[in-house]
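Have a look at the structure below before the remarks.
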Amino acid sequence: MRKGFFKTKPAFNEPIYQYSINSEERKDLKDKIAELREQIIDAPMLINGDNVFTEDKIAMVAPHDHKHILGYYNKGSNKHVQEAIESALNSKTKWSNYTWEKRASIFLKAADLVSGKYRMEINAATMLGQSKNAYQAEIDAACEFADFLRYNVQFMQDIYTIQPESPKGTWNQLEYRPLEGFVFALTPFNFTAIAGNLPSSAALMGNTVVWKPSHHQIYSCQVIIKIFKEAGLPDGVINLIYVDGEIAGKEILSHKDFAGIHFTGSTAVFKEIWKTIGKNISTYKSYPRIVGETGGKDFILVHNSAEVDIIVTALVRGAFEYQGQKCSAASRAYIPQSIWPQVKGKLITTVESLKIGPTEDFSNFINAVISEKSFDNLVEFIEAAKADSNAEIIVGGSYNKSHGYFIHPTVIKAYDPYYITMTKELFGPILTLYVYQDDEFDATLTLINSSSEYALTGSIISQDRDIINQASSALSNAAGNFYINDKPTGAVVGQQPFGGARASGTNDKAGSMFNLLRWVSPRTIKETLVPSTNYRYPFHEAE
């Protein structure tokens with residue numbers, strides 16, 4: 001075993017490519033997109049390092065061009081879940097005995113592969129499979145993913161250096177053991193970085209993992225697992241399965257060695273998982289760690305001291321980047337009556353200027369929503385708003401799925417602050433506004449805090465410092481990530497640890513040390529250097 005106290009290079013945020021016209025990176029990305037469009041891949045599961053193919057092939061299509069087949073994934077069964085669990089458990093001892101710097105080197109290499117050799121491929125795959133434009137793919141698949149990998153290594157070192165005091169005659173130590181058993185990573189479609197981070201953060205701390213990604217993210221998931229393998233991740237540490245959620249849940253959540261779940265997805269699914277874990281609690285060897293980031297009904301609160309251009313930019317970027325399919329996307333906003341006419345005019349003009357179309361055309365700001373199911377659900381709310389006297393569509397409201405699942409960015413003005421699109425998470429390019437009377441600012445703070453079950457992100461836009469302080473205090477439990485004079489999206493690893501409370505999750509803050517602490521089970525070791533040889537204490541002496 002190597003000897004020495006090793007220290008890695010401090011983590012840093014990956015610089016973002018802009019893909020401007022005539023740039024080298026723009027040409028490289030377009031070339032990679034064209035190359036991938038010419039291929040039809042066969043995407044296997046990965047269990048114990050082996051590619052697993054099945055007879056059940058499911059097509060993967062581009063949401064903005066749903067007649068174009070990108071490839072097929074190999075759908076698994078309960079047998080494959082069982083095999084993945086067995087592989088994770090069999091690999092546990094060897095992996096947990098890797099020294100921390102050996103684990104670190106694997107994921108640091110993965111970060112360099114993500115941001116270097118595979119940058120264009122992982123971006124192009126995200127653009128094609130998840131319908132993200134070039135910039136949204138860049139900040140997600142290349143930059144945020146590399147950031148997670150690098151900062152998690154730094155956070156691991158920070159955790160390991162937290163040690164107790166040792167008084168004279170003793171040496172106290174804290175050992176940060178991986179959890180006893182295996183970890184289940186259940187990841188969403190909307191961020192390639194999250195899909196890569198949830199299994200790898202638990203693995204970095206010495207755990208072995210069964211990973212089930214969203215079926216809508218499998219295309220870029222193939223690039224992630226290729227990167228992990230090339231970085232040197234041993235067989236069986238992360239086992240990748242493509243099965244229905246009910247099948248995975250039944251096998252995993254009833255297993256005695258289930259040690260924890262790392263989840264990002266819907267609130268309803270997370271609640272069911274929690275309920276199942278509670279029902280099975282006597283089955284488990286230990287109490288499972290439950291870490292989840294779920295939904296949001298994220299808000300922008302505008303004060304009458306705010307500048308119109310700042311307001312409109314925050315609304316448009318916050319609500320419509322990646323078609324509103326971010327957990328943090330602004331989906332409700334509160335505008336004072338006095339400045340509403342100015343905001344309305346500028347907002348309509350800006351939204352009408354947004355280009356919509358496929359990701360291959362870099363001039364498009366809006367692309368497709370992820371699936372026909374999502375499209376149909378969003379259309380129902382748009383049509384209901386058109387027919388409801390409590391709502392008015394200010395701009396947008398059109399849609400078309402003949403070629404891709406395109407919904408034009410839509411702004412609804414609600415006359416009832418509890419109108420359904422003001423309170424229900426929609427996960428699409430729909431923003432609902434409520435116009436309040438200027439003298440009802442305090443009441444609007446109460447309204448924001450009480451009208452949603454979620455508490456993920458939110459923002460205040462104001463030039464008045466007293467108002468900013470008031471809102472920050474009044475809304476302290478309404479958002480786990482709170483923004484001042486900005487959109488409520490775009491958290492950066494190492495800068496704004498991400499997560500919310502209430503129905504939005506356990507707030508374990510991805511992109512921070514706090515999250516990694518959930519994947520270890522500390523052991524205290526006390527060594528007495530000079531042991532006592534007499535049971536008596538000084539106070540026992542006679543007078």
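Aromatic ring pairs are classed by plane angle as parallel below 30°, tilted from 30° to 60° and perpendicular above 60°; the pair Phe362 and Tyr19 is perpendicular. The aromatic rings of Tyr405 and Phe375 sit tilted relative to each other, their planes meeting at an angle between 30° and 60°.
Remark: Asp244 does not engage Lys212 in a salt bridge, criterion side-chain N to carboxylate O under 4.0 Å. Ion pairing between Asp65 and Arg37 holds under the 4.0 Å rule for side-chain N and carboxylate O. In this structure, Lys355 pairs ionically with Asp361, as a charged nitrogen and a carboxylate oxygen lie closer than 4.0 Å. With respect to the salt-bridge test (charged N to carboxylate O, under 4.0 angstrom), the residues Lys297 and Glu453 do not qualify. Between Lys424 and Glu380 no salt bridge is recorded (no basic side-chain N to carboxylate O distance below 4.0 Å). Ionic pairing of Glu24 and Lys27 is not present here: no N-O contact between side-chain nitrogen and carboxylate oxygen is shorter than 4.0 angstrom. A salt bridge links Lys226 to Glu121: one of the charged nitrogens lies within less than 4.0 Å of a carboxylate oxygen. Ion pairing between a basic and an acidic side chain is recognised when a charged N comes within 4.0 Å of a carboxylate O; Asp376 and Lys401 show such pairing.
For the pair Val243 and Glu251, the minimum side-chain heavy-atom distance is 4.5 Å or more.
Between the side chains of Asn515 and His262, at least one donor N or O sits under 3.5 Å from an acceptor N or O. At a cut-off of 3.5 Å, with distance as the only test, a side-chain donor of Glu101 or Thr99 sits close to an acceptor on the other residue. Between the side chains of Gln18 and Ser23, no donor-acceptor pair of N or O atoms lies under 3.5 Å. Judged by distance alone, the side chains of Thr192 and Thr126 do bring a donor and an acceptor atom under 3.5 Å apart. Side-chain contact annotation: Thr457 with Asp298, donor-acceptor N/O pair under 3.5 Å present. Thr489 and Ser328 share no donor-acceptor pair across their side chains, judged by distance under 3.5 Å alone. Side chain to side chain, Lys509 and Asn507 meet the donor-acceptor criterion of an N or O pair below 3.5 Å. Between the side chains of Asn152 and Asn197, a donor-acceptor pair is found at a separation under 3.5 Å. Residues Asn13 and Gln495 have side chains that bring a donor and an acceptor to within less than 3.5 angstrom of each other.
More than 12 non-hydrogen atoms from other residues, nucleotides or ligands lie less than 6.0 angstrom from CD1 of Ile281.
Atom-to-atom distance recorded for Ile227:CD1 and Ser200:OG is 11.0 Å, nearest 0.5 angstrom.
A cation-pi arrangement, defined by a distance under 6.0 Å to the six-membered ring centre and an angle within 45 degrees of its axis, is present between Lys132 and Phe191.
Here Tyr73 pairs with His215 under the side chain to side chain donor-acceptor pair (under 3.5 Å) rule; sequence neighbours left out.
Gln163 places a side-chain N or O within donor-acceptor distance of the main-chain N or O of Tyr160, the cut-off being under 3.5 Å.
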